[in-house]
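Heads up: the structure comes next, in structure tokens.
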Amino acid sequence: QVVFALNQTLLQQESLRAGSFQSPYTTEDLIKHYSCGDLSSIIFNYDTSQVPNFINATLPAHELITAQEIDRYFRQELIYKRNERMGRRVKDLLEEYPDKSFFFAFGAGHFMGNNTVIDVLRREGYEVEHTPAGQAI
């Protein structure tokens with residue numbers, strides 16, 4: 001799986017460099033939507049948009065199965081479990097120090113797709129609000 005993932009990543013990078021493949025969004029798009037608090041943007045609705053996508057229609061059947069297994073692993077380990085850990089850490093700090101004020105800042109990857117840090121905290125009963133850039137807290 002590691003060799004397959006490495007080969008697919010290299011092929012994608014070569015395609016990007018050659019101009020035969022384009023990402024559906026740019027880094028600037030991510031920054032703009034994140035800064036504006038536009039987390040409902042289509043960019044943030046993909047669970048695996050921050051990890052390589054190895055699944056494509058041109059793969060032979062045995063490689064497609066490998067790609068699907070890697071995709072499931074990335075989604076579970078790098079996205080869902082990470083967000084659960086981050087959300088629990090926030091919750092634990094808030095409960096351990098109820099008289100303290102906190103400021104939490106997260107990278108854009110924690111807000112993409114389903115099971116985001118915000119989803120974790122809301123499931124725990126917290127209200128989460130976005131504070132736009134430049135707005136006083």
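One is the number of the first residue; the rest follow in order along the sequence.
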In terms of hydrophobic clusters joined by side-chain contacts under 4.5 Å, are [X] and [Y] together?
| X | Y | value |
| --- | --- | --- |
| Leu11 | Leu64 | no |
| Val120 | Phe106 | no |
| Ile65 | Tyr73 | no |

Within the distance-only criterion (no hydrogens, no angle test), does the side chain of [X] pair as donor or acceptor with the backbone N or O of [Y] below 3.5 angstrom?
| X | Y | result |
| --- | --- | --- |
| Asn115 | Tyr80 | no |
| Arg122 | Val128 | yes |
| Asp119 | Thr116 | yes |

Inset, instruction - Take atom OH of Tyr97 as the centre, draw a 6.0 Å sphere, and report whether it contains more than 12 heavy atoms from other residues, nucleotides or ligands. - result: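 No - once you tally the heavy atoms of other residues, nucleotides and ligands closer than 6.0 Å, there are 12 at most.
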Legend entry - Verdict with supporting geometry, Arg82 and His110, side-chain contact (heavy atoms from CB on, under 4.5 Å): CA-CA 8 Å; Arg82 178 186 67 167; His110 292 281; 3.7 Å; yes
Legend entry - Residue pair Leu94, Tyr126: steps toward the side-chain contact (heavy atoms from CB on, under 4.5 Å) verdict: CA-CA 10 Å; Leu94 293 171; Tyr126 288 92; 3.6 Å; yes
Inset, instruction - Output yes when Arg123 and Glu84 qualify as a salt bridge under the 4.0 Å nitrogen-oxygen rule, no when they do not. - result: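 Looking at Arg123 and Glu84, the cut-off is met.
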Legend entry - Point-to-point distance, once rounded to the nearest 0.5 Å, from CZ of Arg88 to CZ of Arg85: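 Nearest 0.5 Å value for the CZ-CZ distance: 8.0 Å.
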Legend entry - Point-to-point distance, once rounded to the nearest 0.5 Å, from CD of Glu63 to CD1 of Ile70: 10.0 Å
Inset, instruction - Give me the one residue out of Leu93, Leu121, Val117 that meets side-chain contact (heavy atoms from CB on, under 4.5 Å) with Phe104. - result: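 Exactly one candidate clears the test, Leu93.
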